[in-house]
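Okay, structure first, notes after.
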Amino acid sequence: MKKLILPNILFLILPLFGCALIYSDSIIDSALIPRFLFSTLWFLVAAIWFLAQVKRGSQFAISIVNPVSILFLIWLVSTLISGMNALNQTEFLIEVQKVFLYFSVYIGFTVFLSRENLFEKELFLKVVLSLVSLLLMIGVYQYYEYNCSLTSRGMTKVSALMNNRNLFAEYLGLCLPFVFCGCMLLKNAWRILAVVLSLFSLIAIMLLFTRSVYVAASAAMFFSGLLFLLLKLNQGFKIAISGKSKIVLLVSLVLIGTIAVKLNRQSDGAIKERILSVFEFDKGSAGGRIKVWKVSGQMIKDSGFFGVGAGNWKINFESYGFNQNGEIFTTEPLNDYLGIYCESGLLGFIGYAGMIVAGIFILIKRLFLCKDKVDYFEFAVLTSLITFAIISFFNFPKDRIEPSIMMCFLLAFASIGNSDKKEYGSRKIIVGITLVLILISTYNLWAWTERFQAEQHLAKALQARENQQWGTVVREINKGRSKYYSLDPTTTPMNWYSGIAHYSLGDLESAHKDFKLAYAENPFHLHVINNLATTTAMKNENETAINLFEEALAINPLFYDAIYNEVAVLYKLQRYDDALKILDTWKRRREPKVREYIKLIKEAKGKNQLRN
């Protein structure tokens, strides 16, 4: 086994779990870009090693011609095709590089798992237990360090190394089946640790108030439990539980129930309320999620067969007026299936949803074909994949590297072993494909490095902006300009920040230039449109400015910055009736500022009539 530890760590465990430990405080999203950068670097090194082994004459049984691989490839190709409709090509490129990385990692895992007697399940389970232990300990530390309370908002800062609590809960939910599996397959201290972590993982998921994981974990465990009973009956086994197992199960249930009741009391019923809110589809964040889904449905109707372009959902979404104040931005569709349908069209949806469904069916079929005994590890893989499938319906694990790499492993495990026949393939073809993957991954590594550096400079610019150090803002944005990074995590263009800085410094020409660049990168961002219209008006291009203000108001008729500024331009042009019409039809017209504007415009209109 010792000979197998190193390849398992380097080519399976490191990409699966190592990326969860990578982060940087020097950028806005401390986890996203560093982990994609790490994973791309890992794959590049793994591919070079694989190429060297093939050159030396090593043979690898490659079983990649299967439904999962074909559907995965369809998703990748549809993502590439969707670029012809993308408004922002930089965001399109980022999404393509993400999907390419997932596909490459999936192929890498498939090659590794296809190698006979190489994968060590026990080592895998022990690493899962170690990582879950680490994450839970960090979570407990954060709970006390930040003086958190047992409420949904109070637990926001408990995220371990996952950057937000929802992702922390999702990751625990995906690892939970393997923790349970450890209770069955491991021995001695490791089995005790698995039992303890099963208890604490369930409690942690409950306390993180993430309803999508409540639903996903519960549904996946229920389905897998039902399937387990069917398999046992199909195999002719009686469902017998030993005396020790009965005691452990009973004690565990009592402990979970007791702790849950006590914690619910400490939270003044917040935990119970949160769990029951799963069934309240029209309230709170659940109601907001459904509204976002409806907009996504409309986007699907409007986008055509090939979608709006990969990575461009968040840009096009703003055009539907969901952002009512220009300050809160919805950057994710809260449903990966809908999001992919919007961005990559029907083919992308078929590829993504199809590969997950195919993986689930392959695992179920394989479990039923096993006549001797139940494979607990396969059950864990199936349960985790079902969990991922359900979470994808309520959230966006596709855009985070940790759950997506786990998905790649689950699908790779499902796709191997469908045939007893070993497929070695042509050596020349394998070398050629590997070289192509290495070249593309080298380019992608460069792009992710550029993004990391760009976001570092943007983070410094935002800090300077808070202190109104406008010269520093301009310098940092100029240093961070890159064709590989255009929007910050809120979909605000980098050029908008430098435009604001130039405007504050009195440099109208530079500000106008930056706002035009920002408009090209996100033409539906309310503040971008408003600021571009403002500088356009200051250049006396009044009709163009009015058209831009109208664009902003077409997106959101209640965006008061655009309303005030357009009224000011109309006032300057002595188009008093048009200005009054805008104010009179505005719902906020009863506010003192609006009444003051109406009074001022009417006085100016009266004086103008007297002069004429």
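Fair warning: this is a prediction, and the values are worked out from it, not measured in the lab.
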### Query
Where does the angle between the aromatic ring planes of Trp313 and Phe317 fall among parallel (under 30°), tilted (30 to 60°) and perpendicular (over 60°)?
parallel
### Message
Phe549 vs Ile563, test: side chain to side chain contact (heavy atoms under 4.5 Å, CB included). Steps then yes/no.
### Response
CA-CA 7 Å; Phe549 286 128; Ile563 290 175; over 6 Å; no
#### Entry: Any Phe109 side-chain heavy atom under 4.5 Å of Leu410 side chain
no
### Task
Would you confirm whether Ser201, through its side chain, and Leu176, through its main-chain N or O, come within 3.5 Å as a donor-acceptor pair?
no
### Task
Write down the atom of Cys148, the atom of Lys157, and the distance for their closest heavy-atom approach.
SG-CB, 4.4 Å
### Query
If you round to the nearest 0.5 Å, how far is CG of Leu437 from OG1 of Thr442?
10.5 Å
### Message
Do Pro397 and Glu170 have side chains that approach each other closer than 4.5 Å (heavy atoms only, starting at C-beta)?
### Response
yes
#### Entry: Any donor-acceptor N/O pair, Tyr519 side chain to Ile529 backbone, under 3.5 Å
no
### Query
If we ignore angles and hydrogens, is there a donor and acceptor under 3.5 Å between the side chains of Asn166 and Asn395?
no
### Query
Does the ring centre of Trp446 sit less than 6.0 Å away from the ring centre of Tyr443?
no
### Pair listing, ring pair (Phe, Tyr, Trp, His ring centres under 6.0 Å) test, anchored in residues 385-407, at least two apart
Trp293-Phe393
### Query
Going by the angle between their ring planes, with limits at 30° and 60°, are Phe559 and His527 parallel, tilted or perpendicular?
perpendicular
### Task
Kindly indicate whether the side chain of Trp470, heavy atoms from C-beta on, has any atom under 4.5 Å from the side chain of Arg465.
yes
### Message
Given 3.5 Å as the limit, does a donor-acceptor pair link the side chain of Ser384 with the main chain of Leu174, or not?
### Response
yes
### Heavy-atom closest pair, residues Thr110 and Ala412
OG1-CB, 3.5 Å
### Message
Please determine whether side-chain hydrogen bond (donor to acceptor under 3.5 Å, both in side chains) holds for the pair Glu318 and Thr491, giving the CA-CA distance in whole Å, both sets of side-chain angles, and the decisive distance to 0.1 Å.
### Response
CA-CA 10 Å; Glu318 294 182 38; Thr491 74; 2.6 Å; yes
### Message
Quick check on the 6.0 Å ring-centre criterion: do Tyr102 and Tyr352 meet it?
### Response
no
### Query
Given side chains that start at C-beta, do those of Met406 and Cys175 come closer than 4.5 Å, heavy atoms only?
yes
### Query
To the nearest 0.5 Å, how far apart are NZ in Lys516 and OG1 in Thr536?
8.0 Å
### Message
Can a donor-acceptor pair be found, under 3.5 Å and without considering hydrogens, that links the side chain of Asn312 to the backbone of Leu87?
### Response
yes
### Query
Can Lys398 and Glu95 be counted as an ion pair, charged N to O under 4.0 angstrom?
yes
#### Entry: Ring-ring centroid check Phe124 Phe178, cutoff 6.0 Å
yes
### Task
Please round to the nearest 0.5 Å and tell me the distance separating atom OG of Ser130 and atom CG of Leu197.
9.0 Å
### Message
Looking at every non-hydrogen atom in both residues, tell me the closest pair between Leu80 and Phe92 and how far apart they are.
### Response
O-CZ, 3.5 Å
### Message
Does Tyr503 have more than 12 heavy atoms from other residues, nucleotides or ligands lying within 6.0 Å of its OH?
### Response
no
### Task
Nearest 0.5 Å please: distance from the CD1 atom of Ile340 over to the CG atom of Leu346.
12.5 Å
### Message
Tell me which one of Glu91, Glu343, Glu332 satisfies salt bridge (charged side-chain N to carboxylate O under 4.0 Å, His left out) with Lys314.
### Response
Glu91
### Nearest atoms (heavy-atom pairs only) where Ile28 meets Glu455
N-OE2, 3.1 Å
### Message
Can you tell whether the side chains of Asp29 and Arg35 come within less than 4.0 Å, N to carboxylate O?
### Response
no
### Main-chain N/O of Leu532 paired with Thr535 side-chain donor or acceptor, under 3.5 Å
yes
### Task
Hey, could you give me each pair passing salt bridge (Lys or Arg N to Asp or Glu O under 4.0 Å) that has a residue in residues 473-489? Not counting sequence neighbours.
Arg481-Asp514
### Task
State whether a side-chain donor-acceptor pair under 3.5 Å links Tyr484 with Gln97.
no
#### Entry: Leu134 CG to Leu129 CG distance, which is reported to the nearest 0.5 Å
12.5 Å
### Query
Just wondering, do Lys291 and Lys294 contact through their side chains at under 4.5 Å, heavy atoms?
no
### Task
Output yes when a side-chain donor or acceptor of Asn164 lies under 3.5 Å from a complementary backbone atom of Leu167, and no otherwise.
yes
### Message
I want to check something: taking the side chain as every heavy atom from C-beta on, are Leu526 and Ile555 in contact at a cut-off of under 4.5 Å?
### Response
yes
### Any Ser39 side-chain heavy atom under 4.5 Å of Pro15 side chain
no
### Message
With a 3.5 Å distance limit and no angle check, can you tell me whether Asn85 reaches the backbone of Gly307 through a side-chain donor-acceptor pair?
### Response
yes
### Message
As an exercise, state the distance from CE of Met137 to CG of Leu135, rounded to the nearest 0.5 Å.
### Response
9.0 Å
### Task
Could you verify whether a donor N or O on one side chain and an acceptor N or O on the other, from Ser486 and Asn88, lie under 3.5 Å apart?
yes
### Query
What do the steps show when you test Leu161 against Ile138 for side chain to side chain contact (heavy atoms under 4.5 Å, CB included), and what is the final call?
CA-CA 8 Å; Leu161 299 174; Ile138 294 173; 3.8 Å; yes
### Task
Walk me through it: do Lys460 and Thr472 pass the test side chain to side chain contact (heavy atoms under 4.5 Å, CB included)?
CA-CA 8 Å; Lys460 293 177 182 177; Thr472 303; over 6 Å; no
### Message
Checking Tyr146 now: which residues fulfil ring pair (Phe, Tyr, Trp, His ring centres under 6.0 Å) with it, not counting sequence neighbours?
### Response
none
### Task
State whether the side chain of Ser319 and the backbone N or O of Ile315 hold a donor-acceptor pair below 3.5 Å, judged by distance alone.
no
### Task
Taking the side chain as every heavy atom from C-beta outward, state whether Leu487 and Met494 have any atom pair closer than 4.5 Å.
no
### Task
For Ser296 and Pro333, work out which heavy atoms get closest and say how close.
OG-CB, 4.2 Å
### Task
Could you please spell out the steps behind the side chain to side chain contact (heavy atoms under 4.5 Å, CB included) verdict for Leu207 and Val158?
CA-CA 10 Å; Leu207 293 180; Val158 180; over 6 Å; no
### Task
Fit a plane to each ring of Phe112 and Phe11, take the angle between them on a 0 to 90° scale, and name the class: parallel (under 30°), tilted (30 to 60°) or perpendicular (over 60°).
tilted
### Task
Please name the pair of heavy atoms, one in Leu16 and one in Tyr171, separated by the smallest distance, quoted to 0.1 Å.
O-OH, 3.3 Å
